[in-house]
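The sequence lines fix the lettering, A, B, ..., with proteins before strands; numbering per chain opens at 1.
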2 protein chains.
Amino acid sequence: MVARYELIADDLREGILSGARPAGSQLPSEAELAGRYGVARGTVRQAVAVLAAEGLVGSRQGARRVVLPSTVPGTMPDAAPSAAPGGTPGAARSQSFAELHSFAQWARAGGHRFGGRVIEQRRRRAGAAEAARLGGGEVLEVLRLRTLEGEPVLVERTVYAAWVAPAVEALPADCESVTQALYDAIGLVFAYGEHLIDAVAAGSQDARLLGVRRGSPLLRQRRTTTTHEGRPVESSDDRYRAGSVAFSIRNSIGANPLARQALDLRSGRGEHMFDS
Amino acid sequence: MVARYELIADDLREGILSGARPAGSQLPSEAELAGRYGVARGTVRQAVAVLAAEGLVGSRQGARRVVLPSTVPGTMPDAAPSAAPGGTPGAARSQSFAELHSFAQWARAGGHRFGGRVIEQRRRRAGAAEAARLGGGEVLEVLRLRTLEGEPVLVERTVYAAWVAPAVEALPADCESVTQALYDAIGLVFAYGEHLIDAVAAGSQDARLLGVRRGSPLLRQRRTTTTHEGRPVESSDDRYRAGSVAFSIRNSIGANPLARQALDLRSGRGEHMFDS
DNA sequence: CAGTGGTCTAGACCACCAA
DNA sequence: TGGTGGTCTAGACCACTGG
């Protein structure tokens, strides 16, 4: 059972991606769309909310929605002026953060050849910080190396909560998709993730595994994942070889009242209405 | 005029952040919240949608909403097992990507001392790729160095579209917040952003400006920003010194029908219902 | 099976933008 | 000032979760 608003969103999305609705053009009004699709206005609003969340359209109270310009996926050109040092040659594959995806899911969706294997794996008692994050007990620490198109691109250092450890240990060392395997085995769903992204220098182990020089730049993603119920599953430190992948994110100012934010700016320091 | 649903969201958020609603606990049902706040169910749904977008609560059809565990901002502990090479010592400041913020906005909100100055600035004709992204004509290329707590942390190489170039040229070289200055000057709002994040080695210019060794890791953020109308404003290549900042993102599987995604997984390759 | 969230309707009023 | 999106109501039915 597919929701009506999803179908409408699909239809509008196709129009945008196909170029029928070019960047900068205006969408029909909600009232007109409601008439055209034969639904209530609320349903149309749900549909366009999807597109807004995807960063395809922008909206402001009082003005028609506009189609936003979008870079062709994975080929965002070098923004750097000529002064920039020699960047990575080919446009790197990019991984969207709009939804939570495992490495395998992402690679498969992008049509890449990928693999991976466990390098090291052992149980140990949770440290204080880990216990706070994952719950106490005997956590499972796993070191994995993953490849893309035959090349090693990612070193994953993952700590699994005690309650999933047995299921993880039961997996083969060359398991393609841990996420899928755990779902098949015990119905586990990685539902929510929190990510911290920064850059680090390759350590000696990183360097050896990825085939780069020690100290060379790596893109690091520290991640904590939970189930639907909010139960922590794993906490991971993933390091990508520079140039192999990039993360992509789309953003807008303010949650919905886009204009308000601009006014807050004027007040200089002012008081912040969100404490986050 | 603050919307009712915002107030309800604020109230619930405070309960979560204060610990009154601990991670893993269930939220009251929509019906009960509607009664408690004296609003219709739809209004309650808007409120919890805000919290869901912030990653504070999760929801699934048929089950009560749950409060998700959240890492204390800016202090996500080292997820890496002991095998990891010596990471950055202090927890780095983290910048959320939930909303679009300028460096100045972010630094100010975090209570940091910050500054910046223009190193180089010149007009030149747009290249082909730039013209496609920003519109043609004479773009303005600016090299800025920005500091946090007195330390240089960020090299910004920005290309401004021709139509904003005059306003940017009119700014003082040590302008604190370009975003705010441009708003004050010509009412320009940076409304939407698209970001590509990866790691690169410091070039010689980067190294000199940031006070690091050539080849040392930098966190790179390539960004294209547009107005509310979707008109491109700037395109930038920002490079952060490793350890100075991290980007933080919260995620969930699937847009709303969280369970469906899990089922799709089972079908292995299967057909993908979203072409994105 | 009862309770819950997900979808949808058909109205209403308001704040805002552009002409 | 007219059209637009933002908010809100009071209902309805359905799909799903959990005991």
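Residue A/Arg64 places none of its side-chain N or O atoms closer than 4.0 Å to OP1 or OP2 of D/dG3. For C/dG11, neither phosphate oxygen OP1 nor OP2 lies less than 4.0 angstrom from any side-chain nitrogen or oxygen of A/Arg41. The shortest distance between the side-chain N/O atoms of A/Thr43 and the OP1/OP2 oxygens of C/dT9 is below 4.0 Å.
Annotation for B/Ser102 and B/Gln105: closest pair N-OE1, 2.8 Å, computed over non-hydrogen atoms. Closest of all the heavy-atom pairs between A/Phe190 and A/Leu100 is O-CD2, 3.6 Å.
At a cut-off of 3.5 angstrom, counting only N and O atoms as typed in the model, there is no donor on one side facing an acceptor on the other between the side-chain of B/Arg60 and the base of D/dG18.
Of the two residues contacting DNA chain C, namely B/Gly62 and A/Ala3, the nearest-nucleotide position lying further toward the 5' end is that of B/Gly62. Heavy-atom distances to DNA chain D give each of B/Gln61 and A/Pro28 a nearest nucleotide, and the one nearer the 5′ end belongs to A/Pro28. Nearest-nucleotide assignment on DNA chain C puts the 5′-proximal partner with A/Val44, out of A/Val44 and A/Ala63. Two residues, B/Gly38 and A/Ala31, neighbour DNA chain D, and the one matched to the more 5' nucleotide by heavy-atom proximity is A/Ala31.
Evaluated for a side-chain contact (heavy atoms from CB on, under 4.5 Å) with B/Ile8, the options B/Thr43, B/Val48, B/Val50 yield exactly one hit, B/Thr43. Just one of B/Glu234, B/His195, B/Glu194 meets the side chain to side chain donor-acceptor pair (under 3.5 Å) condition when paired with B/Arg223; it is B/Glu234.
A straight line from CD of A/Glu30 to C1' of D/dT7 spans 11 Å, rounded to a whole angstrom. The separation between A/Gln26 atom CD and D/dG3 atom P is 15 Å, rounded to whole Å. If you measure from atom CD of B/Glu6 to atom P of C/dA15, you get 16 Å, rounded to the nearest angstrom. A straight line from CD of A/Glu32 to P of D/dT4 spans 8 Å, rounded to a whole angstrom. Between the C1' atom of C/dG6 and the CZ atom of A/Arg45 lies a distance of 17 Å, rounded to the nearest Å. Atom P of nucleotide D/dC8 and atom OH of B/Tyr37 are separated by 14 Å, given to the nearest angstrom. What separates CD of B/Gln46 from P of D/dG5 is a distance of 16 Å, to the nearest Å. Look at OH on A/Tyr5: it is 11 Å from C1' on C/dC8, rounded to the nearest Å.
Here A/Arg4 lies in heavy-atom contact (under 4.0 Å) with sugar-phosphate atoms only. The residue A/Arg65 sits close only to the backbone: its heavy atoms come under 4.0 Å of sugar-phosphate atoms, none of a base.
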Give the intermediate values and the outcome of salt bridge (Lys or Arg N to Asp or Glu O under 4.0 Å) for residues A/Arg13 and A/Glu54.
CA-CA 10 Å; A/Arg13 189 187 300 109; A/Glu54 292 170 358; 2.8 Å; yes

